[in-house]
Amino acid sequence: MLNQIRILAQVVESGSFSKAGLALNMAPSSISRSIDSLEHTLQSTLFRRSTRSVSLTEEGEYFYQESIKLLFDANKLISEMKGDRAEPQGMLRISVFESFGNLVLAPLLPRFLAQYPKVKVEIDLDNHMVDLHSENIDIAIRIGTPQDSNLKARKLMPNLTSLVATPEYLAAHPEIKQPEDLQHHNCLLISHARQRNYFYFSNDTEQRRVPVSGNLASRGGSPLLSAALCGSGVLLLSTWMVEPYLKSQQLVEVLPIWTARSSEHDSGEIFAVYKGMEYPKPHIRAWLDFLVKELTSS
């Protein structure tokens, strides 16, 4: 039954029999027969099946959550008996939004891979929010508190924002003395579903919402940062993206006595989210621990 539990866990993580088969190097028909046999043994229906996907039933969810504890203990015992202490290994699939992936994660990957030579990494830079199950992703990096209750999350770092522009842009345009002055400036904007864009400002005593507009919008921050550095407008972006240019004085802060955000209810934090396993696989746990250590100490 232990092998059947391993197959069940892979189906849950992959989101389909065919993807589980690819991960385990098994035919989908063999995956299906294993699940059928397990359901027959338990006299319970574990999955709801359709032509496109599978999902756990209530009984299946209970059995999965309880059985992975057994799987974790069994894998740990086998590793201890073999003497390898569960060295992390396997393919790690990461989804991360483009700017954070390029600027923050990419420089960390060589050090992680040197530390865990049996791990392979496949990284997807995508500004769309992927579904971890259907896309067979192990870990995704997201801004803001995850809304999916089926996912677990670990906080990595705060996501503070800075309102910036080049000295040349500020010298050539009307002075910005208060948040409302931004209505007369070209603001470089992160694309949102809503039609109207706002910047939200707060200080010790006040909160203000200012409608803003501009001639360039993007789902990712990199095109906006490039435009800002060319003097095209005022930019509100994550501090970790603009900090090097503030230090070099290519960019300067605008309205520094105010805290500016692009969302009224912005959590201001970056999370690593992963599928709701109480006992993640060693290579997933190793990457999570590595990220938390690196980003909380930076």
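Hydrogens, waters and symmetry mates play no part in the numbers below; they use all other heavy atoms, side chains included. For this chain, numbers begin at 1 and follow the sequence in order.
Note that Arg209 lies outside the cation-pi zone of Tyr200, set by a 6.0 Å cut-off to the ring centre and a 45° limit from the axis.
Side-chain atoms of Glu243 and Thr239 form no donor-acceptor pair, as typed in the model, at a separation below 3.5 Å. For the residue pair Glu98 and Ser222, a side-chain donor N or O sits within less than 3.5 Å of a side-chain acceptor on the partner. Of the N and O atoms on the side chains of Ser16 and Ser18, at least one donor lies less than 3.5 Å from an acceptor on the other residue. Gln4 and Ser37 share a donor-acceptor pair across their side chains, judged by distance under 3.5 Å alone.
How far CG of Asp181 is from CD of Gln178: 5.0 Å, rounded to the nearest 0.5 Å. Taken to the nearest 0.5 Å, the CD1 atom of Ile143 stands 5.0 Å off from the CD1 atom of Ile270. Atom NE2 of His283 is separated from atom CG of Leu288 by 10.5 Å, given to the nearest 0.5 angstrom. Note that OG1 of Thr57 and OH of Tyr64 are 14.0 Å apart. Values are rounded to the nearest 0.5 Å. Note that the CD atom of Gln43 and the OG1 atom of Thr45 stand 11.0 Å from one another [nearest 0.5 Å]. The distance from the OG atom of Ser55 to the CG atom of Leu46 is 11.5 Å, given to the nearest 0.5 Å.
Salt-bridge formation is not detected for the pair Lys152/Asp138: no Lys NZ or Arg NE/NH1/NH2 atom is positioned less than 4.0 Å from an Asp or Glu carboxylate oxygen. Checked for salt-bridge contact, Glu269 and Arg154 miss the test: no charged N lies under 4.0 Å from a carboxylate O. The pair Lys120-Glu122 does not meet the salt-bridge criterion, since no charged nitrogen lies less than 4.0 angstrom from a carboxylate oxygen.
The aromatic rings of Phe100 and Trp240 lie perpendicular to each other, with more than 60° between the two planes, well past the 30° mark. By the 30° and 60° cut-offs, the orientation of the rings of His185 relative to Tyr169 is tilted. Ring geometry for Phe201 against Trp258 counts as perpendicular: the plane angle is over 60°, on a 0 to 90° scale with 30° as the lower cut.
Side-chain atoms of Gln89 and Pro282, non-hydrogen and from C-beta on, never get closer than 4.5 Å to each other.
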For Phe290 and Arg111, run side chain to side chain contact (heavy atoms under 4.5 Å, CB included): C-alpha distance rounded to whole Å, both residues' side-chain angles, the deciding distance at 0.1 Å, then the answer. CA-CA 10 Å; Phe290 178 85; Arg111 193 155 65 252; 4.3 Å; yes
Go through Arg219 and Asp126 one step at a time and tell me if the salt bridge (charged side-chain N to carboxylate O under 4.0 Å, His left out) criterion holds. CA-CA 10 Å; Arg219 284 184 176 271; Asp126 195 331; over 6 Å; no
